[in-house]
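To keep things clear, I will list the structure first and then write my remarks on it.
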Number of protein chains: 2
Amino acid sequence: MLKPLLLNSKKNKLKFAVTVTLKKDVLDPQGKVVQQTLRNMGMITLKNLRQGKYFEVDVNEDNEETAKNKVDEMCKKLLVNLIIEDFTISKL
Amino acid sequence: MLKPLLLNSKKNKLKFAVTVTLKKDVLDPQGKVVQQTLRNMGMITLKNLRQGKYFEVDVNEDNEETAKNKVDEMCKKLLVNLIIEDFTISKL
């Protein structure tokens, strides 16, 4: 079966990495638990640990700028809670 | 109160970012749900999305190589399930 022409017209798959971190002043109880566990395991030089989220996103766009804007929109609409989290997008 | 000398001798705080991703052939149902949700929200150019974990680790070591080895040890002992996950460590 032939694929529709619309799908074939966009062949470029751009890959982005999205890193979501809690803002500096937001408590991170989950990270603290991991940190304490590691210290209890003998890692006494561990000073601090904070946990975040990570996404790898493939977008079917020809233009890198458009693709990055799409990913930015995804972050703002669903992936990131902008009240308590920051995010960075980088091209892979 | 004076801090113990031992703590003062290590002033260098090195920061590392740890990214944990599922191996290529491991299914990622959570990522698939996020992907489907984004597509339902109208992001039709989204091709694929995979979710991972992210840690920011501060280590009290003077030597970067030693610090990185410490973080590597943390990953292998607790943070990463090496059977199904890969990880990368980068200096921040």
Side-chain angles (χ1 to χ4, degrees), chain A residues 6-7 9-22 24 28 30-31 33-63 66-67 69-79 85-88 90 92, chain B residues 6-7 9-22 24 28 30-31 33-63 66-67 69-79 85-88 90 92:
Chain A
L6 187 70
L7 284 177
S9 70
K10 283 179 183 174
K11 276 177 193 151
N12 239 344
K13 200 169 74 171
L14 294 166
K15 205 181 181 91
F16 293 90
V18 178
T19 309
V20 184
T21 48
L22 285 167
K24 200 170 61 66
D28 175 21
Q30 202 178 350
V33 169
V34 176
Q35 180 184 333
Q36 198 51 56
T37 307
L38 283 167
R39 285 186 72 92
N40 293 344
M41 287 165 77
M43 314 281 185
I44 51 159
T45 54
L46 173 62
K47 181 73 183 168
N48 198 30
L49 185 145
R50 282 175 82 79
Q51 197 166 352
K53 285 185 286 183
Y54 178 80
F55 301 95
E56 275 179 12
V57 186
D58 297 347
V59 187
N60 258 344
E61 296 274 2
D62 291 316
N63 182 277
T66 320
N69 286 343
K70 270 282 169 206
V71 177
D72 190 80
E73 196 186 336
M74 289 173 199
C75 288
K76 287 177 180 158
K77 281 196 179 163
L78 183 74
L79 304 179
E85 292 171 329
D86 290 321
F87 69 98
T88 53
S90 55
L92 284 182
Chain B
L6 187 70
L7 283 178
S9 70
K10 284 180 185 174
K11 276 177 192 152
N12 239 346
K13 199 169 73 170
L14 294 167
K15 206 182 182 88
F16 294 90
V18 178
T19 309
V20 184
T21 48
L22 285 168
K24 200 171 61 68
D28 175 21
Q30 201 177 351
V33 169
V34 176
Q35 180 185 333
Q36 199 50 56
T37 308
L38 283 167
R39 284 187 73 92
N40 292 344
M41 288 165 76
M43 315 282 185
I44 50 160
T45 54
L46 173 62
K47 182 73 182 168
N48 197 29
L49 185 146
R50 282 175 81 81
Q51 196 165 351
K53 285 186 285 183
Y54 177 81
F55 301 96
E56 275 180 11
V57 185
D58 297 347
V59 187
N60 258 344
E61 296 273 2
D62 290 316
N63 182 280
T66 320
N69 286 342
K70 270 282 169 205
V71 177
D72 190 80
E73 197 187 335
M74 288 174 200
C75 288
K76 287 177 179 158
K77 282 195 176 163
L78 183 73
L79 303 179
E85 292 171 327
D86 290 321
F87 69 99
T88 53
S90 55
L92 284 182

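Below, read A as the first sequence line, B as the second, and so on, with proteins coming before strands; counting in each chain starts at 1.
A pairwise comparison of heavy atoms in Y54(A) and K53(B) identifies CB-O, 3.8 Å as the closest pair.
Your options are N48(A), T21(A), V20(A), and the one with the most heavy-atom pairs under 4.5 Å with chain B is N48(A). Highest contact tally toward chain A, considering only L46(B), T37(B), V34(B), is held by L46(B) [criterion: heavy-atom pairs under 4.5 Å].
Residue L14(B) does not touch chain A at all, counting heavy-atom pairs closer than 4.5 Å. Heavy atoms closer than 4.5 Å to chain B are found nowhere in I44(A), neither backbone nor side chain. Heavy atoms closer than 4.5 Å to chain B are found nowhere in Q35(A), neither backbone nor side chain. Both the backbone and the side chain of K77(A) come within contact range of chain B, each with at least one heavy atom under 4.5 Å from a heavy atom of that chain.
Atom NZ of K47(B) sits about 13.0 Å away from atom CD of E61(A), to the nearest 0.5 Å. Note: M41(B) CE to L78(A) CG = 5.0 Å, rounded to the nearest 0.5 Å. The distance from the CG atom of L49(B) to the CE atom of M74(A) is 7.5 Å, given to the nearest 0.5 Å. Separation of atoms CZ (R50(B)) and CD (E56(A)) is listed at 8.0 Å; rounding is to 0.5 Å. Distance CD/E73(A) to CE/M43(B): 4.0 Å, rounded to 0.5 Å.
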